[in-house]
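Computed from a predicted structure; not experimentally measured. Just so you know, these numbers use all the heavy atoms, side chains as well, and skip hydrogens, waters and symmetry mates.
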Amino acid sequence: MFRNTRKKQLRNRVIAAALGVTVMTFGIWLNYKDQAEETPVENTVKEIKITETEDNKEEPSTINAPESYLIKEIDGVVKVFLCDENGNEELYLITSIPFELLSESDQKLFIDGVRLDTEEDLGRFLENFDS
């Protein structure tokens, strides 16, 4: 009588553990897949090279630095693009700015697009809209 109950409890624990492992594995797989898709955007890096002038003073010069940043709304999402001197746009950042909650003037601003020259300006600009 007791043996049968113990076997059922053990079987139920094994099934619950297997189900838990399956759910955790599926969750890890989903998160890994999302991170793999976002990696190229997050790994955008500016290279800085130090050059020496005739006076032996060090002065920074940038290589692969973007000409400017373009902030605009696409499909209801505010996105930031890197723009080079040729006018090519590359996705840099997808913001968490709730576009539908912005005022009409701010929405028009993002629809038209905002161009900023430095990363510091970009950070200050986005701080005003991000909640």
Side-chain angles (χ1 to χ4, degrees):
M1 178 169 144
F2 290 108
R3 280 185 106 125
N4 199 12
T5 305
R6 288 183 187 162
K7 285 182 182 180
K8 286 181 183 178
Q9 286 177 345
L10 180 61
R11 185 188 71 209
N12 289 342
R13 287 183 182 168
V14 169
I15 290 172
L19 183 61
V21 168
T22 303
V23 169
M24 285 179 43
T25 304
F26 184 69
I28 291 171
W29 176 75
L30 284 177
N31 287 332
Y32 178 76
K33 185 177 179 182
D34 290 342
Q35 289 175 355
E37 291 173 359
E38 294 175 5
T39 301
V41 174
E42 292 174 356
N43 288 338
T44 304
V45 178
K46 283 195 293 184
E47 296 179 18
I48 297 177
K49 180 180 177 183
I50 304 297
T51 59
E52 292 186 21
T53 61
E54 293 177 9
D55 299 334
N56 288 332
K57 294 181 182 177
E58 293 183 356
E59 129 185 344
S61 67
T62 57
I63 299 174
N64 296 333
E67 277 289 311
S68 62
Y69 296 91
L70 177 64
I71 308 166
K72 62 183 179 179
E73 177 269 336
I74 297 179
D75 298 327
V77 179
V78 177
K79 297 180 181 182
V80 179
F81 295 89
L82 290 174
C83 299
D84 63 9
E85 59 275 355
N86 299 329
N88 298 329
E89 297 176 358
E90 180 182 342
L91 182 62
Y92 177 73
L93 175 70
I94 299 174
T95 68
S96 61
I97 298 172
F99 182 76
E100 63 277 352
L101 298 179
L102 295 173
S103 67
E104 287 184 25
S105 61
D106 290 339
Q107 286 181 356
K108 181 165 178 20
L109 181 73
F110 285 120
I111 290 172
D112 295 339
V114 178
R115 195 170 294 272
L116 300 170
D117 293 328
T118 65
E119 194 168 358
E120 291 81 23
D121 292 340
L122 174 67
R124 277 183 258 142
F125 184 80
L126 292 177
E127 280 179 3
N128 294 330
F129 292 98
D130 205 6
S131 51

Between CG on residue L101 and CD on residue Q107, distance to nearest 0.5 Å: 9.0 Å
Set of side-chain contact (heavy atoms from CB on, under 4.5 Å) partners for L109, sequence neighbours left out: V114, F125, F129
Nearest-0.5 Å distance that lies between atom CG in L126 and atom CG in L116: 8.0 Å
Student check: side-chain heavy atoms of K72 and E89 closer than 4.5 Å: yes
Sequence neighbours excluded - side chain to side chain donor-acceptor pair (under 3.5 Å) pairs with any residue from residues 97-106: S103-S105, S103-D106
D75: side-chain contact (heavy atoms from CB on, under 4.5 Å) partners, not counting sequence neighbours: none
Short side-chain to backbone donor-acceptor contact, D84 and N86, under 3.5 Å: yes
F99 vs I74 side-chain heavy atoms within contact, under 4.5 Å: no
Value rounded to 0.5 Å, distance of OG in S68 from CD in E119: 13.0 Å
Within-4.5 Å side-chain heavy-atom neighbours: Y92 and L122: yes
Closest contact, heavy atoms only, F110 versus I97: CZ-CD1, 4.4 Å
Value rounded to 0.5 Å, distance of CD1 in I15 from CG in L10: 10.0 Å
Check: T95 side chain, V78 main-chain N or O, donor-acceptor pair, under 3.5 Å: yes
Interatomic distance, F81 atom CZ to E90 atom CD [nearest 0.5 angstrom]: 10.0 Å
